[in-house]
Amino acid sequence: MTDTKTVLEEREGRVAVLTINRPDKLNALNQQVRDDMLEILQRLEGDDAVGAVVITGAGEKAFIAGADIGEFEGRSPFDQRHAMRSPRVFDVMSTFPKPVIAMINGFCLGGGCELAMSCDLRVASEKARFGQPEINLGLIPGGGGTQRLPRLVGTGHALRLILTGDMVGAAEAERIGLVEMVVPHDELRAKTLELAAKIAAKSPLTLRVAKEAVRASESLALEDGIRYERDLFCLCFSSEDKQEGVDAFLAKRPAEWKGR
Ligand code: COA
């Protein structure tokens with residue numbers, strides 16, 4: 001395990017597991033965590049041994065309980081704007097060229113919920129609790145929550161969560177589409193790593209293109225998105241992995257991906 005200041009990094013085969021490590025502050029996102037995350041993600045992007053990334057929080061209580069509220073004290077709007085300058089970890093994760101999975105082990109609030117929503121998939125412990133409580137601080141979500149939450153759960157549920165600041169449990173989060181899987185707490189790591197390993201075993205090149213196509217649906221009109229998908233689909237015909245995938249299917253053998 002490699003230690004940066006606030007984020008622990010481990011490898012499980014082709015999966016990199018990043019653990020936000022401020023359990024005494026419920027893994028609240030401060031500037032150091034965001035900087036460490038950006039540095040690690042930049043390194044993992046170029047690491048061919050990594051096929052997928054899992055993000056979780058240290059300790060038994062929290063995934064991430066939001067932005068570090070202590071940092072808001074006494075900050076001017078200019079200081080805050082500087083702290084929110086690009087590149088932002090939320091956007092880097094949603095456009096990261098490898099799948100990113102949130103392994104949600106407890107409180108998933110505010111910026112933590114926004115970080116989870118920036119991931120490609122969310123697996124939650126049945127103990128996890130979700131919410132956008134910024135309204136109780138005289139704030140609104142600032143890590144993309146007003147935009148990503150309605151896209152995941154619809155405008156009505158997004159407004160309910162953002163306007164009340166209420167928390168919902170894992171079962172309700174799954175019902176409204178905020179998480180894709182809920183598992184028993186003691187199976188969270190095994191189930192998440194199983195999912196991550198299955199994905200990481202696919203062609204890295206094709207994973208990248210598939211994610212790019214689906215992410216494009218968040219900003220393109222349907223007609224433009226369909227056209228973009230067609231172009232990316234045809235681009236896959238230039239890859240060795242498309243040749244290998246088709247050859248392997250016809251020869252009734254497992255494919256051996258090269259990432260080219
Ligand atoms: N920023 C900074 N510190 C935070 C934090 C945050 N978002 N969330 C929790 N902490 C700190 C607490 O201040 C406390 O620190 P202390 O021991 O030095 O006093 C520690 O983490 C443990 O939290 P505590 O509140 O004692 O735990 P709890 O089990 O009683 O309550 C929560 C858990 C999640 C309900 C509560 O911590 C909370 O409401 N956190 C803020 C959530 C939020 O508003 N997030 C959005 C921020 S924009």
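Atoms CG and NZ, from Asn105 and Lys61 in turn, are 12.5 Å apart once rounded to the nearest 0.5 Å. To the nearest 0.5 Å, atom CD of residue Glu126 and atom CG of residue Leu188 are 10.0 Å apart. We find the OG1-CG distance between Thr56 and Leu8 to be 10.5 Å, quoted to the nearest 0.5 Å. Rounding to the nearest 0.5 Å places CG of Asp36 at 10.5 Å from CG of Leu18. Separating the NE2 atom in His157 from the CG atom in Leu149 is a distance of 10.0 Å, to the nearest 0.5 Å. In this structure, Glu71 CD and Ile69 CD1 are separated by 11.0 Å, a value rounded to the nearest 0.5 Å.
Hydrophobic clustering (side-chain heavy atoms under 4.5 Å, transitive across Ile, Leu, Val, Met, Phe, Trp, Tyr) keeps Ile135 apart from Leu161. The hydrophobic cluster containing Val7 does not contain Val17, counting ILVMFWY residues as joined when their side-chain heavy atoms lie under 4.5 angstrom apart, directly or transitively. Under a hydrophobic-cluster definition in which Ile, Leu, Val, Met, Phe, Trp and Tyr are linked whenever side-chain heavy atoms come within less than 4.5 Å, directly or via other members, Ile104 and Val168 are assigned to the same cluster. Following chains of ILVMFWY side-chain contacts shorter than 4.5 Å, one cannot reach Met167 starting from Phe63, and the two form parts of different hydrophobic clusters. Residues Leu193 and Val53 do not share a hydrophobic cluster, clusters being chains of Ile/Leu/Val/Met/Phe/Trp/Tyr side chains in contact below 4.5 Å.
Taking all atoms of both residues into account, the shortest heavy-atom contact from Ile64 to Asn27 is CG2-O, 3.2 Å. Nearest approach of Val92 to Leu41, heavy atoms of both residues: CG1-CD1, 4.0 Å. Nearest approach of Phe107 to Leu26, heavy atoms of both residues: CD1-CD1, 4.3 Å. The shortest non-hydrogen separation linking Pro133 to Gly110 is CD-N, 3.4 Å. Closest of all the heavy-atom pairs between Phe90 and Gly111 is CE2-O, 3.5 Å. Nearest approach of Phe130 to Gly169, heavy atoms of both residues: CD1-O, 4.2 Å.
Among Arg189, Glu60, His185, the one residue that satisfies the side-chain hydrogen bond (donor to acceptor under 3.5 Å, both in side chains) test with Ser125 is His185. Here the rule is side chain to side chain contact (heavy atoms under 4.5 Å, CB included) with Met181, and of Thr192, Ile101, Leu195 only Leu195 fits it.
For the pair Arg148 (side chain) and Met117 (backbone), a donor-acceptor distance under 3.5 Å is absent. Within the 3.5 Å criterion, the main-chain N or O of Ala67 finds no donor-acceptor partner in the side chain of Asn30. Glu244 places a side-chain N or O within donor-acceptor distance of the main-chain N or O of Glu256, the cut-off being under 3.5 Å. Between the side chain of Ser118 and the backbone N or O of Met93, no donor-acceptor pair lies under 3.5 Å. Under the 3.5 Å distance criterion, the side-chain polar atoms of Gln32 are left unmatched by any main-chain donor or acceptor of Thr6. Within the 3.5 Å criterion, the main-chain N or O of Leu205 finds a donor-acceptor partner in the side chain of Ser203. A donor-acceptor pair under 3.5 Å is absent between the side-chain atoms of Arg129 and the main chain of Ala62, judged by distance alone. Between the side chain of Arg122 and the backbone N or O of Ala116 there is at least one donor-acceptor pair closer than 3.5 Å. In this structure, Asp241 contributes its side chain and Trp257 its backbone to no donor-acceptor pair below 3.5 Å.
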Mind running side chain to side chain contact (heavy atoms under 4.5 Å, CB included) on Glu174 and Val179 for me, showing each step along the way? CA-CA 5 Å; Glu174 186 180 33; Val179 301; 3.8 Å; yes

Arg88 and Glu114: salt bridge (Lys or Arg N to Asp or Glu O under 4.0 Å), yes or no, with the steps? CA-CA 12 Å; Arg88 298 184 71 194; Glu114 291 169 305; over 6 Å; no

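Between Lys198 and Glu194, no side-chain nitrogen of the basic residue sits less than 4.0 Å from a carboxylate oxygen of the acidic one, so the salt-bridge criterion is not met. In this structure, Arg215 pairs ionically with Asp120, as a charged nitrogen and a carboxylate oxygen lie closer than 4.0 Å.
Note on residues 150-167: pairs passing salt bridge (charged side-chain N to carboxylate O under 4.0 Å, His left out), not counting sequence neighbours, are Arg160-Glu172. Pairs passing the salt bridge (charged side-chain N to carboxylate O under 4.0 Å, His left out) check and including a residue from residues 17-29, sequence neighbours excluded, read Arg22-Asp68. Residue pairs satisfying the side chain to side chain donor-acceptor pair (under 3.5 Å) criterion with at least one member in residues 95-104, sequence neighbours excluded, are absent.
Under a cut-off of 6.0 angstrom, the local environment of CG in Asp231 is crowded, with over 12 non-hydrogen atoms contributed by other residues, nucleotides or ligands. Counting heavy atoms of neighbouring residues, nucleotides and ligands inside a 6.0 Å radius, atom CD of Gln42 does not exceed 12 of them. Taking a 6.0 Å sphere around CZ of Phe233, one finds it holds 12 or fewer heavy atoms contributed by other residues, nucleotides or ligands. With a 6.0 Å radius and a threshold of 12 heavy atoms from other residues, nucleotides or ligands, Arg81 has its CZ atom at or below the threshold. Heavy-atom contacts from other residues, nucleotides or ligands closer than 6.0 Å to NZ of Lys202 number 12 or fewer. At most 12 heavy atoms of other shown residues, nucleotides or ligands fall within 6.0 angstrom of atom NZ in Lys191.
Between Glu12 and Val54, every side-chain heavy-atom pair lies at or beyond the 4.5 Å cut-off. Val209 places none of its side-chain heavy atoms less than 4.5 Å from the side chain of Leu235. Contact annotation: the side chain of Pro141 approaches that of Ile162 to within less than 4.5 Å [non-hydrogen atoms, C-beta and beyond]. Met37 has its side chain out of reach of Leu29: every pair of non-hydrogen atoms, C-beta onward, lies at least 4.5 Å apart. In this structure, the side chains of Pro99 and Leu207 come closer than 4.5 Å at one or more pairs of heavy atoms. A 4.5 Å side-chain heavy-atom check between Ile226 and Leu220 finds every atom pair outside the cut-off.
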